[in-house]
Amino acid sequence: MKITHHWMREFVPLDLAPVELAQRLTLAGLEVESVTPVAPPFSGVVVGEVLGVSPHPNAEKLALCEVTTDGSNRLQIVCGAANVRGGLKVAVAMVGALLPGGIAIKRAKLRGLESNGMLCSARELGLGQEQDGIMELPAGLPLGVDLREALDLNDTALEVNATPNRGDCMSVWGIARDYAAAHEGRYLTYTAPPAEAAHAAVFPTRIEAPAACPVFASRVVKGVKVGGQSPAWLRERLRRVGINSISPIVDVTNYVMIELGQPMHAYDLERLSGGITVRMAKAGERLTLLDDKEYSLDPEFLVIAEDSGAIGLAGVMGGRRTAISESTQDVLLEAAHFAPDAVAGRARRLGLFTDAAQRFERGVDPTLPALAMERATALLLQIAGGQAGPAQVTRGEREAGQGEPAEWVNLRRSRLSSLLGVAVPDRDVEAVLGAVTGGVETTAEGWRTRRPPHRFDIRIEADLIEEVARLRGFDSIAECHAIAPQIAGYATESSISDDRLLTVMADAGYREVITYSFVDPALQRQLFPAAETLALANPISSDLSEMRVSLWTGLIQAAQDNLRRQQSRVRLFEIGERFELEKSALREVKTLAGIATGARWPEQWGSVREPLDFYDVKGDLMHLFALTGSVAEFRFEAGTVSCLRPGRTARIFRGSNPIGWLGEVHPQLVKSLSIGVNTVIFELEIASAFGAKPSNFVKISKFPSVRRDLAIVVDESVPLAVLQENVTVSASGLLSELRVFDVYRGPGVDFGRKSVALGLILQDSSRTLTDVDADSVVTAVVARLRDVLSASIRDQ
């Protein structure tokens with residue numbers, strides 16, 4: 001959220017520069033992401049007054065303005081703004097002024113008449129986007145004063161990134177309170193004098209969901225001025241924190257939210273009927289919110305309702321039907337406390353993100369509604385008039401067994417020293433806790449503190465220890481070596497480490513990616529239409545609302561992003577968890593997956609461009625399997641997966657255990673997903689695939705090897721793995737290596753069969769093999785292949 005240096009200065013004395021303030025806040029745990037001046041640099045612009053306006057004789061859309069900047073001088077300035085008029089206080093850029101963008105103001109002639117300066121719009125000064133006319137300054141500003149001083153433009157905006165557990169720092173007052181605790185050692189309190197009731201009208205309120213809404217404050221304000229606008233100082237403050245001015249009533253609620261951290265809402269009293277009820281939504285109940293969209297609700301949503309139905313989504317956004325309009329005269333102000341559990345995730349389920357939801361999800365001080373109501377009432381009466389009624393604070397009745405939350409948290413002196421690694425003097429601990437909570441008591445073991453209502457993050461002892469370290473300053477804890485028992489780790493050769501897998505994949509030309517574990521359900525359904533998936537109860541967005549059943553979903557999206565950026569050759573891989581859900585039982589599987597598309601080789605002059613195919617990626621996997629020392633255990637068998645192309649899909653086995661898949665993406669998906677036609681993907685279960693056998697010494701034979709080549713004709717359906725297995729069995733231990741150097745289909749080979757050329761490398765470790773030995777092995781191989789696989793020898 002954004003705050004300004006001068007706004008914060010209203011609550012704590014600040015004699016330090018904004019940059020130094022940002023450093024102090026960051027060191028105290030409130031990271032300041034940016035420090036930005038509220039106005040761009042400009043000079044020579046002063047407050048002036050238009051004394052008279054007359055038409056320009058040579059231009060219909062221009063006017064001659066008589067302007068004074070000190071009450072005595074008279075400047076002729078040509079202006080084309082529609083809202084220029086006599087008596088208006090304006091921003092006058094004098095001759096010699098320098099405006100944002102390096103624009104220098106000079107004496108000039110416009111359509112034949114001299115112009116001695118310029119009347120500035122907010123956009124020309126970098127103070128807004130209004131283009132309808134020149135800036136209209138408050139009538140009370142003195143003439144001749146530099147505009148930066150008159151409008152307090154030498155202020156600085158700080159963007160503070162409060163952590164999710166620090167809802168109390170989502171306001172100017174909250175950050176000032178934390179600053180006071182850290183740097184002034186005092187517990188800052190806020191007071192708002194109650195407004196005097198001018199009438200007795202109240203609006204009936206009932207709470208039916210007390211756990212979700214324990215406090216609901218309201219007040220009727222009658223006779224608000226119609227059609228006015230907020231004063232310049234209020235509009236400017238809202239602009240500096242990124243909020244546009246809408247109307248005095250809405251601006252007041254936004255102002256109080258930024259200042260105190262209490263979201264508020266205002267209703268047009270004439271549009272309300274009956275009374276207000278805070279309840280859970282009915283199944284299928286429909287509600288049109290301020291964004292003019294209609295939403296269907298369920299009983300998990302908390303709503304503000306009247307007799308005719310829901311009029312607002314509690315803690316998120318108000319309804320359109322009872323919204324403030326330009327004709328609103330009577331207002332019902334609302335300031336309620338909604339429990340974080342009643343609001344968390346509800347806005348995101350509807351695709352909404354609001355300032356109110358952001359604060360209520362993190363936790364808002366339940367004592368704030370009454371204070372915020374008084375502050376908002378005072379502001380509204382000041383800028384828009386009206387008569388305030390009595391403040392009405394409705395509290396929900398707690399259900400039986402639902403007591404007050406524990407108010408006291410204990411802190412042991414021994415535990416504090418143990419966790420921080422340093423002894424903290426008792427007086428320092430008491431000073432810090434007193435500045436945080438406002439109530440500290442000494443016990444035999446240490447202290448007990450009263451949990452302040454605004455600190456939802458203080459629940460247990462460790463939270464208080466964090467506060468002591470944070471507010472004393474982490475830099476006050478001396479650096480020292482940790483004393484801990486040394487526990488030796490262990491290294492094993494029974495499995496392949498992730499680092500080894502990463503290295504082999506990188507050596508093969510693949511790049512590692514890291515994708516979300518939660519994915520787009522629409523894409524996941526395209527790939528795995530029959531898979532049972534785990535939906536997130538509180539997704540960050542609708543297209544990241546399911547846990548992935550395969551890493552392919554994220555890899556395909558990553559490949560799409562690369563292809564859209566003219567990367568025609570893509571090789572990506574990832575090691576991560578996938579989530580299988582079977583009969584409500586969840587299993588997390590560590591997986592290595594990859595995707596490859598485009599050319600086989602990077603573009604070069606020495607070879608023509610060839611598309612990648614199934615066997616290229618299979619070869620990459622064989623390099624991975626070689627790490628196990630048991631390449632022979634791996635085999636590829638034809639299989640089917642809905643997202644892979646039939647006939648070019650393989651189930652991968654290690655022994656008898658399935659360990660993964662390899663195949664080309666189905667042509668229909670290639671077309672719908674706009675990826676390469678030759679895209680190949682694979683996925684391997686790491687635990688099953690990459691168990692390794694310890695390396696054993698094998699003596700290299702000093703005797704020469706013998707090679708015999710065979711061309712075996714077998715059925716098309718016979719896989720290479722089966723052929724290799726039968727050759728190995730029949731070679732009687734003399735087979736050193738089996739090479740496949742050709743596969744032929746065509747004339748001379750019957751339809752439905754193929755010729756596979758095998759190179760048998762024979763070698764013995766104790767003697768030199770003779771031709772008789774080699775011929776006997778070949779005979780045995782041919783006989784087994786003929787008997788088992790109905791193979792034949794191709795002579796030519």
Side-chain angles (χ1 to χ4, degrees), residues 493-496 500-501 504 507-508 614-637 650 652-657 659 662 689-715 718-744 753-796:
E493 295 183 354
S494 62
S495 62
I496 308 300
R500 240 356 233 119
L501 298 176
V504 172
D507 289 344
F614 174 94
Y615 295 100
D616 292 317
V617 181
K618 180 182 176 183
D620 296 335
L621 296 186
M622 295 306 295
H623 287 302
L624 281 174
F625 298 153
L627 297 174
T628 66
S630 305
V631 176
E633 295 182 2
F634 295 88
R635 70 179 195 277
F636 296 77
E637 294 185 2
I652 308 174
F653 291 85
R654 182 172 186 180
S656 59
N657 297 323
I659 60 169
L662 167 66
F690 295 107
K693 290 184 177 180
S695 301
N696 295 319
F697 172 76
V698 177
K699 183 179 180 180
I700 298 175
S701 177
K702 63 181 179 180
F703 300 99
S705 62
V706 178
R707 174 167 176 156
R708 290 291 186 269
D709 293 343
L710 291 173
I712 304 296
V713 179
V714 295
D715 289 340
V718 176
L720 177 61
V722 174
L723 196 60
Q724 289 175 319
E725 180 182 357
N726 283 278
V727 171
T728 302
V729 169
S730 58
S732 303
L734 296 179
L735 183 66
S736 172
E737 184 182 355
L738 177 62
R739 300 175 182 173
V740 179
F741 60 88
D742 187 40
V743 178
Y744 173 76
R753 291 170 71 80
K754 61 187 175 183
S755 172
V756 182
L758 305 175
L760 282 66
I761 312 300
L762 308 175
Q763 192 176 35
D764 196 308
S765 61
S766 60
R767 63 187 179 90
T768 300
L769 296 179
T770 65
D771 288 342
V772 174
D773 295 327
D775 292 342
S776 64
V777 170
V778 171
T779 302
V781 169
V782 171
R784 182 176 178 86
L785 295 179
R786 181 185 299 113
D787 295 341
V788 177
L789 302 178
S790 300
S792 60
I793 302 297
R794 185 166 71 91
D795 297 328
Q796 53 180 336

Check your understanding: Given Arg654 and Thr628, is the side chain to side chain contact (heavy atoms under 4.5 Å, CB included) satisfied, shown in steps?
Key -> CA-CA 11 Å; Arg654 182 172 186 180; Thr628 66; 3.9 Å; yes
Do [X] and [Y] have side chains that get closer than 4.5 Å, going by heavy atoms?
X: Leu624; Y: Leu621; value: yes
X: Leu785; Y: Val714; value: no
X: Asp764; Y: Leu734; value: yes
X: Val722; Y: Val788; value: no
X: Leu723; Y: Leu758; value: yes

Exercise for review: Calculate, to the nearest 0.5 Å, the distance between atoms CZ and CD1 belonging to Arg635 and Ile652 respectively.
Suggested key: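 If we round to the nearest 0.5 Å, Arg635:CZ and Ile652:CD1 are 11.5 Å apart.
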Check your understanding: Out of curiosity, Phe703 CZ to Ile700 CD1, how far, rounded to the nearest 0.5 Å?
Key ->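 Phe703 atom CZ to Ile700 atom CD1 measures 14.0 Å (nearest 0.5 Å).
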Exercise for review: Just say parallel, tilted or perpendicular for the rings of Phe690 and Phe625, cut-offs at 30° and 60°.
Suggested key: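 Aromatic pair Phe690/Phe625 classed tilted.
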Suppose we screen for side-chain hydrogen bond (donor to acceptor under 3.5 Å, both in side chains). Which residues come up paired with [X], at least two apart in sequence or across chains?
X: Lys693; answer: Glu633
X: Ser494; answer: Thr492
X: Asp709; answer: Arg707

**Study point:** Steps toward side chain to side chain contact (heavy atoms under 4.5 Å, CB included) verdict (Val777, Leu735)
**Key:** CA-CA 9 Å; Val777 170; Leu735 183 66; over 6 Å; no
Please name all residues satisfying salt bridge (Lys or Arg N to Asp or Glu O under 4.0 Å) with [X], sequence neighbours left out, ordered by chain then number.
X: Arg784; value: none
X: Asp742; value: none
X: Asp775; value: Arg708

Check your understanding: Please walk me through it: do Val740 and Val756 pass side chain to side chain contact (heavy atoms under 4.5 Å, CB included)?
Key -> CA-CA 7 Å; Val740 179; Val756 182; 3.9 Å; yes
Check your understanding: Counting N and O atoms only, with roles assigned by atom type, does the side chain of Arg753 sit under 3.5 Å from a partner on the main chain of Val713, one being a donor and the other an acceptor?
Key ->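 Yes; at least one donor-acceptor contact below 3.5 Å.
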Exercise for review: Verify the neighbour count for atom OH of Tyr615: are there more than 12 heavy atoms of other residues, nucleotides or ligands below 6.0 Å?
Suggested key: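 Result for OH/Tyr615: open.
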Exercise for review: Write down the atom of Ala626, the atom of Val631, and the distance for their closest heavy-atom approach.
Suggested key: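 Taking every non-hydrogen atom into account, CA-CG2, 3.4 Å.
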**Study point:** Considering all heavy atoms, the nearest Ile712-Ala791 contact
**Key:**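 Nearest heavy atoms, Ile712 then Ala791: CG2-CB, 3.5 Å.
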Review point. Are a donor atom and an acceptor atom from the side chains of Ser776 and Asp773 found within less than 3.5 Å of each other?
Key: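 No pair is found: no donor N or O on one side chain lies under 3.5 Å from an acceptor on the other.
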